[in-house]
Amino acid sequence: MPLSTQSQAEEEQYVLVANLDNARNLSNILKAIGFKDHAIFTATPNGLKVTVEDSKCVQANAFIQADIFQKFTIKEDLVALQVNLTVLLDCLNIFGGSTVAGISTALRMCYRGYGYPLTLFLEEGGVVTVCKINTEEPEEPIDFDFCSSNVTNKVILQSESLKEAFSELDMTSEVLQITMSPSQPYFRLSTFGNSGSAHYDYSKDSDMMELFRCNETQTNRYKMSLLKPSTKALALSCKVSVRTDSRGFLSLQYLVRNDDGQICFVEFFCCPDVEVDEDL
């Protein structure tokens with residue numbers, strides 16, 4: 001494969017090199033958080049974390065572990081850069097994102113360090129295309145200070161169940177209200193749209209519920225406009241963890257299985273639709 005012929009000397013100039021036999025495994029997970037143009041890439045020896053934010057009220061993180069790549073070489077403890085995510089996705093799909101069995105686009109992603117572009121070598125059927133994407137000084141991501149120790153309530157659902165709930169609720173509603181409680185209604189999603197209010201309830205013993213751990217009754221509302229981008233991740237996922245902390249901040253963690261059966265995670269943080277400025 002042409003991508004494997006890059007010389008050792010060429011490789012040594014990079015602080016980060018990541019190879020994938022199937023570029024779709026990266027592009028699919030990035031599409032799940034592609035609701036804004038710019039993304040912050042943070043690479044460590046554990047893998048890649050890609051962060052996208054909007055209005056200081058919602059943040060999405062995609063986690064791509066190092067072992068998902070066929071090769072993942074990093075020469076520093078941490079490498080951070082900011083790129084235009086729309087441009088990156090266009091490059092990753094430059095061959096059309098083929099879904100034909102046995103045909104895939106191989107990727108080598110290289111970065112020389114601060115001030116240099118992110119270079120993509122893409123190969124399909126013996127044809128190699130090189131894309132260079134300008135990088136920027138990464139902004140400091142918002143710290144939502146969402147700690148596991150402060151989690152008040154947590155449920156894990158099969159994603160199919162949440163998709164069904166969203167199809168039945170009134171998505172013209174400006175907010176989604178989430179009630180989590182040790183007693184009935186246990187876990188309730190509510191909307192207040194043009195057709196009136198609608199509720200979707202889950203029993204703690206539901207077949208769709210893999211984990212139910214609620215310590216106190218909480219009812220919080222979240223702007224639907226902030227939550228809608230997370231439906232891309234929901235569509236790709238097989239399980240979703242819904243957590244709230246003592247402030248009412250929401251964490252949605254999606255477990256996504258790629259084409260090769262490997263697992264990645266996408267997480268969305270969203271602040272409640274009350275006293276937003278005070279909470280942040």
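Scope of the values below: all heavy atoms of this structure, side chains included, with no hydrogens, waters or symmetry mates. Everything quoted here is computed from the prediction, not taken from an experiment.
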Exam field: side chain [X] to backbone [Y], donor-acceptor pair closer than 3.5 Å:
X: T135; Y: Y116; answer: yes
X: D201; Y: P185; answer: no
X: S173; Y: D170; answer: no

Side chain to side chain contact (heavy atoms under 4.5 Å, CB included) evaluation trace for C270 with F249: CA-CA 6 Å; C270 185; F249 277 59; over 6 Å; no
Among [options], which one satisfies side chain to side chain contact (heavy atoms under 4.5 Å, CB included) with [X]?
X: T244; options: L250, V155, I178; result: L250
X: L236; options: N258, I29, V256, V266; result: V256
X: T152; options: M180, R213, E216, R243; result: E216

Test salt bridge (Lys or Arg N to Asp or Glu O under 4.0 Å) applied to D54 - qualifying residues, sequence neighbours left out: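 Salt bridge (Lys or Arg N to Asp or Glu O under 4.0 Å) list for D54, sorted by chain: K36.
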N28/K232 under side chain to side chain contact (heavy atoms under 4.5 Å, CB included): CA gap, chis, key distance, verdict: CA-CA 10 Å; N28 282 348; K232 289 183 181 179; over 6 Å; no
Considering residues, nucleotides and ligands other than [X], do more than 12 of their heavy atoms fall under 6.0 Å from its [atom1]?
X: Q262; atom1: CD; value: yes
X: K132; atom1: NZ; value: no
X: Y200; atom1: OH; value: yes
X: E136; atom1: CD; value: yes

May I ask you to test the [X]-[Y] pair for a side-chain heavy-atom distance under 4.5 Å?
X: E267; Y: Y254; result: no
X: L157; Y: Y202; result: yes
X: L122; Y: V128; result: no
X: F72; Y: L16; result: yes
X: V83; Y: V87; result: no
X: T119; Y: C131; result: no
X: L120; Y: V130; result: no
X: M171; Y: M224; result: yes

Stepwise side-chain hydrogen bond (donor to acceptor under 3.5 Å, both in side chains) check, S181 with Q218: CA-CA 6 Å; S181 174; Q218 272 188 317; over 6 Å; no
Apart from [X] itself, residues in the same hydrophobic cluster as defined by side-chain heavy atoms under 4.5 Å:
X: F192; result: V175
X: I263; result: F63, L255, F265
X: I156; result: L211

Between [X] and [Y], what is the shortest heavy-atom contact and its length?
X: S27; Y: L89; value: O-CD2, 3.6 Å
X: K163; Y: S237; value: NZ-O, 4.2 Å
X: Q70; Y: D21; value: OE1-N, 2.7 Å
X: P45; Y: E76; value: CD-O, 4.4 Å
X: F146; Y: V151; value: CE2-CG2, 3.7 Å
X: A198; Y: L169; value: O-CD2, 3.7 Å

Pairing of K223 and E174 as salt bridge, 4.0 angstrom limit: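 Between E174 and K223 there is no salt bridge, as every charged N stays at least 4.0 Å from the carboxylate O atoms.
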Quick check on the hydrophobic clustering: are [X] and [Y] connected, directly or via other members, by side-chain heavy-atom contacts under 4.5 Å?
X: M109; Y: V127; answer: yes
X: F187; Y: F166; answer: yes
X: L88; Y: L48; answer: yes

Spacing of CD1 belonging to I142 relative to NZ belonging to K56, to within rounding of 0.5 Å: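 Between atom CD1 of I142 and atom NZ of K56 there are 6.5 Å.
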Stepwise side-chain hydrogen bond (donor to acceptor under 3.5 Å, both in side chains) check, N153 with N215: CA-CA 6 Å; N153 296 317; N215 299 312; 5.0 Å; no
N61 and Q59: CA distance, side-chain angles, deciding distance, side-chain hydrogen bond (donor to acceptor under 3.5 Å, both in side chains) verdict: CA-CA 7 Å; N61 296 291; Q59 180 187 90; 3.0 Å; yes
Of all pairs that satisfy ring-ring contact (aromatic ring centres under 6.0 Å, His included), the ones with a partner from residues 212-244, not counting sequence neighbours: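 Sorted result for residues 212-244: Y186-F212.
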Side chain to side chain contact (heavy atoms under 4.5 Å, CB included) against A60, all qualifying residues, sequence neighbours excluded: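 Partners of A60 by the side chain to side chain contact (heavy atoms under 4.5 Å, CB included) criterion, ordered by chain and then number, come out as I33, F35, F268.
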